[in-house]
Number of protein chains: 2
Amino acid sequence: MESVFPGGVFPAGCPSRVLLDHVTSKWGVLVLVSLTDGPQRWSDLRRRAEGVSEKMLAQTLRTLEADGLVHRDQKPVMPPRVDYSLTPLGEELAEVMVPLLRWVGRHADDIIGAPAC
Amino acid sequence: MESVFPGGVFPAGCPSRVLLDHVTSKWGVLVLVSLTDGPQRWSDLRRRAEGVSEKMLAQTLRTLEADGLVHRDQKPVMPPRVDYSLTPLGEELAEVMVPLLRWVGRHADDIIGAPAC
DNA sequence: CGGTATCCTACCTGATACTG
DNA sequence: CAGTATCAGGTAGGATACCG
């Protein structure tokens, strides 16, 4: 592979580092990829991103929403109904993220040494 | 995009989650991508993954080496010389990681709101 | 040069309770 | 249902000093 990031990857404190931290965060990855299956509700995401706490799901969604990657659609009904979905920008990101997740899924058992999953 | 991970992304506690945490860790990403430019020494990596502490660089390299993604080549000379490089598996991973980094680099300024970088 | 060892802090996590 | 608030506890990560 030819040189991709000559002279350092990203400067520290650079916007790229901040965005990278957002999208590669433990729950950011799982939420983004989960949303590739289409709009989902809070409770869907809690179930599909298994293990996420309410606190971290809220925090993650707020960050991704502020970054313009996730859209929050709240219906003014009772009981409340909120749908989360990828924005066009988020879809674009997901397209480069999914291959990474697929690769991890394919090789994880070999690399880590599957403790029954 | 069609359904990619129906019924949840990865089960919690699954090897995929562990490997995902390794390769999407703050410094894991930077080290892996930095090594796409070829073998590099400890001091190179410290400089190119700007901001990494010695502790975290050591920890990150040990994890990636244990996962078979990074190769450590120590020459028995004085002063010591150690070269780190990607294994074939690591190269494969880098190929799906680099598009993500490129995307982040392209959009970071728009999304985060560049504070002079 | 290429690391350990030590300490310390910040954030993540988990549990519980409460609200529109 | 879809969150927010609070607090205790653990762990990832950072700063510093030292070593072969």
Side-chain angles (χ1 to χ4, degrees), chain A residues 9-14 17-32 34-35 38-66 70-85 112, chain B residues 9-14 17-32 34-35 38-67 70-85:
Chain A
V9 181
F10 289 138
C14 168
R17 285 281 185 98
V18 176
L19 181 57
L20 187 62
D21 283 350
H22 291 180
V23 305
T24 62
S25 71
K26 185 180 178 67
W27 303 113
V29 177
L30 296 176
V31 165
L32 284 168
S34 181
L35 286 174
Q40 283 160 62
R41 306 175 64 176
W42 167 275
S43 45
D44 293 331
L45 290 171
R46 276 222 69 188
R47 192 164 22 80
R48 288 169 53 87
E50 198 189 335
V52 70
S53 66
E54 297 188 338
K55 181 180 171 179
M56 290 315 297
L57 180 55
Q59 192 176 118
T60 301
L61 285 171
R62 265 186 271 118
T63 300
L64 296 179
E65 194 192 354
V70 164
H71 175 68
R72 182 175 189 275
D73 184 23
Q74 175 165 16
K75 322 277 196 207
V77 298
M78 196 59 188
R81 161 158 194 144
V82 182
D83 285 292
Y84 293 93
S85 55
I112 305 294
Chain B
V9 180
F10 288 138
C14 168
R17 285 281 186 99
V18 177
L19 180 58
L20 186 63
D21 283 349
H22 292 180
V23 305
T24 62
S25 71
K26 185 180 177 72
W27 303 112
V29 177
L30 263 28
V31 165
L32 284 168
S34 180
L35 286 174
Q40 283 159 63
R41 305 175 64 175
W42 168 276
S43 46
D44 293 331
L45 290 170
R46 276 221 70 190
R47 194 165 20 79
R48 289 169 52 87
E50 197 189 334
V52 70
S53 67
E54 297 187 336
K55 177 182 173 178
M56 290 315 298
L57 181 55
Q59 193 175 117
T60 300
L61 285 170
R62 266 186 271 117
T63 300
L64 296 179
E65 194 192 356
D67 289 346
V70 164
H71 175 69
R72 182 175 189 276
D73 183 23
Q74 174 163 18
K75 321 276 198 215
V77 298
M78 198 56 189
R81 158 155 195 147
V82 182
D83 285 293
Y84 293 93
S85 55

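Order of the sequence lines sets the chain letters (A, B, ...), proteins ahead of strands, with each chain counted from 1. Any value given below was found using the heavy atoms of this structure, including those in side chains, with hydrogens, waters and symmetry copies removed. Values in this document were obtained by computation on a predicted structure and should not be read as measured data.
- Residue Leu57(A) contributes atom CG, which lies 15 Å from atom C1' of dG14(C) at whole-angstrom precision.
- For the pair Lys26(A) NZ and dT11(D) C1', the computed distance is 12 Å after rounding to whole Å.
- Distance Trp42(A) CH2 to dG20(C) P: 17 Å, rounded to the nearest Å.
- If you check distances only, the side chain of Glu54(B) does reach the base of dA17(D) with a donor-acceptor pair under 3.5 Å.
- Protein atom CD of Gln74(A) is 8 Å distant from nucleotide atom C1' of dA2(D), rounded to whole Å.
- With hydrogens and angles disregarded, a donor-acceptor distance shorter than 3.5 Å links the side chain of Arg46(B) to the backbone of Val52(B).
- Distances shorter than 4.0 Å separate some side-chain N or O of Arg41(A) from OP1 or OP2 on dA2(D).
- With DNA chain C read from its 5' end, the first of the two nearest nucleotides for Gln59(A) and Arg72(B) is the one closest to Arg72(B).
- Residue Ser53(A) has no polar side-chain atom (N or O) positioned under 4.0 Å from OP1 or OP2 of dC12(C).
- Of the possible polar contacts, none joining the Gln74(A) side chain to the Arg72(A) backbone as a donor-acceptor pair under 3.5 Å is found.
- In this entry the distance linking CG of Asp83(B) with P of dG2(C) reads 8 Å, nearest Å.
- Residue His22(B) contributes atom NE2, which lies 10 Å from atom P of dG13(D) at whole-angstrom precision.
- Contact check on Asp44(A) versus Arg41(A) returns no salt bridge, with no Lys/Arg side-chain nitrogen under 4.0 Å from an Asp/Glu carboxylate oxygen.
- Taking side-chain N and O atoms only, Trp27(A) has no distance below 4.0 Å to OP1 or OP2 of dC12(C).
- Each of dG14(D), dC12(C), dG3(D) was ranked by its minimum atom distance to the side chain of Met56(B); first place goes to dG14(D).
- If you measure from atom CG of Leu61(A) to atom P of dA2(D), you get 12 Å, rounded to the nearest angstrom.
- The only option from Leu20(A), Thr24(A), Val23(A) that meets the side-chain contact (heavy atoms from CB on, under 4.5 Å) definition with Thr24(B) turns out to be Thr24(A).
- Atom CD of Gln40(A) is separated from atom P of dC1(D) by 16 Å (rounded to the nearest Å).
- Looking at the side chain of Tyr84(B), the nearest of the listed nucleotides dG14(D), dG3(C), dC12(C) is dG3(C).
- When distances run from any side-chain atom of Lys55(B) to the nucleotides dT13(C), dC7(C), dG20(D), the shortest one goes to dC7(C).
- Looking at heavy-atom distances under 4.0 Å, Arg46(B) makes no contact with the nucleic acid at all.
- With the nearest nucleotide of DNA chain D identified for both Ser25(B) and Arg62(A), Arg62(A) has the one nearer the 5' end.
- Of the candidates Asp67(B), Thr63(B), Thr60(B), Asp67(B) is the only one forming a side-chain hydrogen bond (donor to acceptor under 3.5 Å, both in side chains) with His22(B).
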